[in-house]
Participant: 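So that we are looking at the same thing, I have put the structure below in structure tokens.
Note that the coordinates shown come from a computational prediction; the quantities given were computed from them, not determined experimentally.
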Amino acid sequence: MKKIVLFLTAAFLLASCASSKELEALKTKHEQTKEELLTVKTNLTKCLVEKEKYQDKSKDLESRITELKKDKENTIQQVENLTVLTKGANDNIKETLAQLSKKDKYINKIRAAASKKDSLNLVVAFHLKKELQDGIDDEDIEVNVEKTVVFISISDKLLFKSGSYTITDKASKVLQKVATVVNGQPEMDVMIEGHTDDTPMSTAAVQDNWDLSVKRSTAIVRELQSKYNVAPERLIAAGRSSFMPLAPNDTPANKAKNRRTKIIILPRLNQFFDLLDQKVE
């Protein structure tokens with residue numbers, strides 16, 4: 001009986017020892033599992049955080065891609081618009097160049113005409129000086145070319161007696177030579193322009209200085225037409241009275257300068273305007 005008791009006790013003790021070891025082993029295993037679980041949770045948490053970060057980055061990238069696509073579309077549209085504008089600009093430039101070319105031709109044509117006119121004026125002036133140089137005092141006659149006209153300024157003491165509009169015999173000699181040159185240029189007009197000093201003039205035949213300046217120019221026009229066959233449609237009579245003096249009317253010498261008649265040889269305006277109206281191809 002004692003042996004049985006001892007045997008059972010020993011068996012119980014052995015069983016108890018075995019259970020304690022297993023329990024410790026299970027506890028140890030449990031702790032390890034807890035630590036592993038904690039590690040896994042930690043890693044999972046990190047993964048979730050990283051996932052959120054990547055999701056945010058992905059959204060940002062998608063938004064950026066969308067913006068880039070829009071920018072690309074806008075750029076393409078701008079390039080297309082620029083292409084259209086460039087084509088239009090090129091067409092405008094070509095048209096402008098064509099117009100400039102036409103204008104250049106037109107300007108060159110005008111310049112050529114002006115050059116021809118200037119040359120013609122110089123020829124007229126040369127012939128006038130040549131015709132008038134014999135037997136005429138140079139102080140009484142002046143021949144000049146100004147811009148597009150030739151003019152002869154003749155002192156009134158050579159053409160008229162004081163206060164009169166009757167042409168002198170010496171004046172007829174001068175006008176004959178002027179008519180010779182004028183008739184050689186039938187495409188040009190001739191304007192006779194009378195000038196006086198500022199001394200008031202009033203007689204039975206002459207009302208005032210205006211009247212005297214016009215009557216003197218008219219007398220020369222009639223002389224050129226009737227005596228020297230200058231075509232009347234080419235002649236213009238004009239009076240300036242005392243309002244375009246060459247010098248102040250303050251001395252007898254200056255007043256003598258201002259008493260003059262100008263014979264102006266000029267191109268016909270209708271010819272010039274016809275030239276302006278010509279179309280340039």
Participant: Taking the side chain as C-beta and beyond, is there a heavy-atom pair between Ile220 and Leu175 under 4.5 Å?
Facilitator: yes
Participant: Could you tell me which residues satisfy side-chain contact (heavy atoms from CB on, under 4.5 Å) with Thr42, sequence neighbours excluded, listed by chain and number?
Facilitator: Leu38, Lys46
Participant: Could you give all pairs that pass the ring pair (Phe, Tyr, Trp, His ring centres under 6.0 Å) test and reach residues 200-246, with sequence neighbours left out?
Facilitator: Trp210-Phe243
Participant: Considering only Ile, Leu, Val, Met, Phe, Trp and Tyr, and joining two whenever side-chain heavy atoms are under 4.5 Å apart, list the other residues clustered with Val206.
Facilitator: Tyr165, Met201, Leu212
Participant: Residues two or more places apart in sequence or in another chain: which of them pass side-chain contact (heavy atoms from CB on, under 4.5 Å) with Leu246?
Facilitator: Asn258, Arg260
Participant: According to salt bridge (Lys or Arg N to Asp or Glu O under 4.0 Å), who are the partners of Arg216, at least two apart in sequence or on a separate chain?
Facilitator: Asp156
Participant: Using the side chain to side chain donor-acceptor pair (under 3.5 Å) criterion, which residues pair with Lys257? Sequence neighbours excluded.
Facilitator: none
Participant: State which residues pass side-chain contact (heavy atoms from CB on, under 4.5 Å) with Thr199; sequence neighbours excluded, sorted by chain then number.
Facilitator: Asp197, Lys255
Participant: Below 4.5 Å, heavy atoms only, C-beta onward: do Ile265 and Val182 meet side chain to side chain?
Facilitator: yes
Participant: Can you list everything that forms a side chain to side chain donor-acceptor pair (under 3.5 Å) with Thr196? Sequence neighbours excluded, please.
Facilitator: Asn209
Participant: In terms of side-chain geometry, is the basic nitrogen of Asp169 or Lys173 positioned less than 4.0 Å from the acidic oxygen of its partner?
Facilitator: no
Participant: Using a 3.5 Å distance criterion without hydrogens, assess whether the side chain of Thr168 forms a donor-acceptor pair with backbone atoms of Ala171.
Facilitator: yes
Participant: Is there a donor-acceptor pair under 3.5 Å between the side chain of Ser242 and the backbone N or O of Asp198?
Facilitator: no
Participant: What pairs with Asp208 under salt bridge (Lys or Arg N to Asp or Glu O under 4.0 Å), at least two apart in sequence or on another chain?
Facilitator: none
Participant: Taking it one step at a time, do Glu223 and Ser172 satisfy side chain to side chain donor-acceptor pair (under 3.5 Å)?
Facilitator: CA-CA 8 Å; Glu223 183 92 354; Ser172 293; 3.1 Å; yes
Participant: Does Ile192 form a side-chain contact (heavy atoms from CB on, under 4.5 Å) with Thr218? I'd like the steps, not just the answer.
Facilitator: CA-CA 8 Å; Ile192 314 302; Thr218 304; over 6 Å; no
Participant: Taking the side chain as every heavy atom from C-beta outward, state whether Gln225 and Val230 have any pair of such atoms under 4.5 Å apart.
Facilitator: no
Participant: Apply side chain to side chain donor-acceptor pair (under 3.5 Å) to Asp250 and list each qualifying residue two or more places apart in sequence or on a separate chain.
Facilitator: Asn254
Participant: Answer yes or no: is there a donor N or O on one side and an acceptor on the other, between the side chain of Ser217 and the main chain of Ala238, under 3.5 Å?
Facilitator: yes
Participant: Same cluster for Ile154 and Val214 if Ile/Leu/Val/Met/Phe/Trp/Tyr side chains link at under 4.5 Å?
Facilitator: no
Participant: Between Ser164 and Phe160, is there a donor-acceptor pair closer than 3.5 Å when you use the side chain of the first and the backbone of the second?
Facilitator: no
Participant: Between Gln185 and Arg234, which heavy-atom pair has the shortest distance, and what is it?
Facilitator: O-NH2, 2.7 Å
Participant: Going by salt bridge (Lys or Arg N to Asp or Glu O under 4.0 Å), name the residues that satisfy it together with Lys161, two or more places apart in sequence or in a different chain.
Facilitator: none
Participant: Can you list everything that forms a side chain to side chain donor-acceptor pair (under 3.5 Å) with Ser153? Sequence neighbours excluded, please.
Facilitator: none
